Structure formats: structure tokens, C-alpha cells
Q: 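Quick one: the structure is below, questions incoming.
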Amino acid sequence: MSLRRRYWLMKSEPDAFSIDDLQRVGTEPWNGVRNYQARNFMRDQMQVGDGVLFYHSNCVVPGIVGTATVASRAYPDATQFDPKSDYYDPKATREEPRWFLVDVAFERKLRRTIALDEIKQHADALGEEFALIRRGNRLSVFPVSATQWKHLLALE
DNA sequence: GCCAACGTTGGC
DNA sequence: GCCAACGTTGGC
């Protein structure tokens with residue numbers, strides 16, 4: 001049984017769900033992801049205990065604001081079945097769910113935000129292919145290497 | 001609020 | 001299976 005920890009970055013708009021919200025609730029089902037690539041990472045690759053960089057997007061200072069851990073294996077995102085939800089998907093059925101999520105558990109808030117601005121200045125060390133700083137990237141869930149993880153948190 | 005980038009949808 | 005139209009993301 002391999003328990004080697006993997007690392008991820010997960011984006012959230014703080015107006016919708018912030019690191020403070022996660023701290024308050026402790027654990028949260030990461031619902032609303034409606035992108036196949038992001039879904040596949042959660043469904044096929046995430047393991048309990050994996051590390052998560054919590055990123056605030058679409059806000060005044062976008063950047064990494066905390067860390068979390070993956071707290072469950074993937075299971076169907078209940079909001080896809082709920083006609084009243086913004087995330088309702090009429091093509092999904094309980095027999096054949098289309099969207100999956102994992103639970104995410106609060107670990108800690110960073111002492112300060114590691115801003116996107118600053119992260120960009122470390123493109124050389126992080127690798128130009130790092131999804132966060134690749135131009136036009138919109139993925140909200142993607143893998144981070146152990147080296148990138150260390151490098152990013154060392155900026156704190 | 002603008003708009004570039006890009007994923008998805010659906011007509012053909 | 002192409003691709004134009006459309007919707008969304010997210011930095012600025």
C-alpha cells in the first residue's frame with residue numbers, strides 16, 4: 001500500500017468559499033467542479049491525506065492563502081442531482097453520476113498570502129509549465145509536485 | 001466591468 | 001467529426 005503523499009492546488013473564489021469558511025466548518029465537500037480534467041484529478045488520483053494548496057481566485061489579491069488535506073476518496077457531487085442548485089446537471093443520474101468530488105479538510109492558514117504576482121516571479125524554479133502561471137489557464141484543480149509545494153510554501 | 005483564453009455544445 | 005457560437009473563468 002503506497003501512502004506517498006501527493007499535492008494539489010485547488011482554487012476557490014473567497015466570496016463563495018474562503019479559507020476562513022473552511023477553517024470554520026473544518027471539512028467541506030468540494031462541490032461545483034464542472035470541468036472534466038479537474039473532475040478526473042479528484043476522481044482518479046486523489047488520496048486521503050494528500051496535501052492541498054488553497055488558492056483564492058477572482059479577488060483583489062489572488063494567491064495561496066492556506067493548506068488543507070484531502071479527507072475522502074471521490075464520491076458523486078450531490079449538487080448535480082438537485083434542480084434547485086446552481087450546479088444542477090440534467091444529464092447526470094444517480095445511476096450514472098457525471099461529477100465527483102472529495103472532502104477537503106482545513107489544515108492551516110498561511111501567515112500571509114503568497115500572491116500570484118509573487119509566484120510568477122518564481123517561474124524559473126517552479127517550471128514554466130506550472131499550471132497556475134501558464135497563460136490562459138483556467139483549471140481549478142491540478143497537481144503540484146513535491147518540489148513546487150516546498151518552493152511555494154518556502155515563500156511564506 | 002472588460003475581455004482574452006478556452007472548454008463545451010450542437011448544427012451540419 | 002468539424003467548427004462557430006456560446007458560456008465561463010479569472011486576472012487586471
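It should be emphasised that the depicted structure is a prediction, and the values quoted were computed from it without experimental measurement. Just so you know, these numbers use all the heavy atoms, side chains as well, and skip hydrogens, waters and symmetry mates. In what follows, chains carry the letters A, B, and so on, assigned in the order in which the sequence lines appear, proteins first and then strands, with residues in each chain numbered from 1.
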Q: Which ILVMFWY residues can you reach from A:F100 by hopping between side chains whose heavy atoms are under 4.5 Å apart?
A: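 Direct or chained contacts put A:F100 with none.
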Q: Table please: side-chain donor-acceptor pairs of residues 23-32 of chain A below 3.5 Å, with sequence neighbours left out.
A:
unit_1: A:R24; atom_1: NH1; unit_2: A:D21; atom_2: OD1; d: 3.2
unit_1: A:R24; atom_1: NH2; unit_2: A:D21; atom_2: OD1; d: 3.0

Q: Need to verify one output field. Residue with the more 5' nearest nucleotide on DNA chain B, A:Q37 or A:K91?
A: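 Its nearest nucleotide lies further toward 5', so the answer is A:Q37.
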Q: For nucleotides 6-12 of chain C, just jot down a letter per nucleotide in 5' to 3' order: B, S or -, based on protein non-hydrogen atoms under 4.0 Å.
A: -BBBBBS
Q: ring-ring contact (aromatic ring centres under 6.0 Å, His included) with A:F41: which residues, sequence neighbours excluded?
A: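 A:W8.
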Q: Please, which pairs that meet ring pair (Phe, Tyr, Trp, His ring centres under 6.0 Å) have at least one residue in residues 105-125 of chain A, sequence neighbours excluded?
A: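 Found A:H122-A:H151.
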Q: Which ILVMFWY residues can you reach from A:W99 by hopping between side chains whose heavy atoms are under 4.5 Å apart?
A: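 Cluster partners of A:W99: A:Y36.
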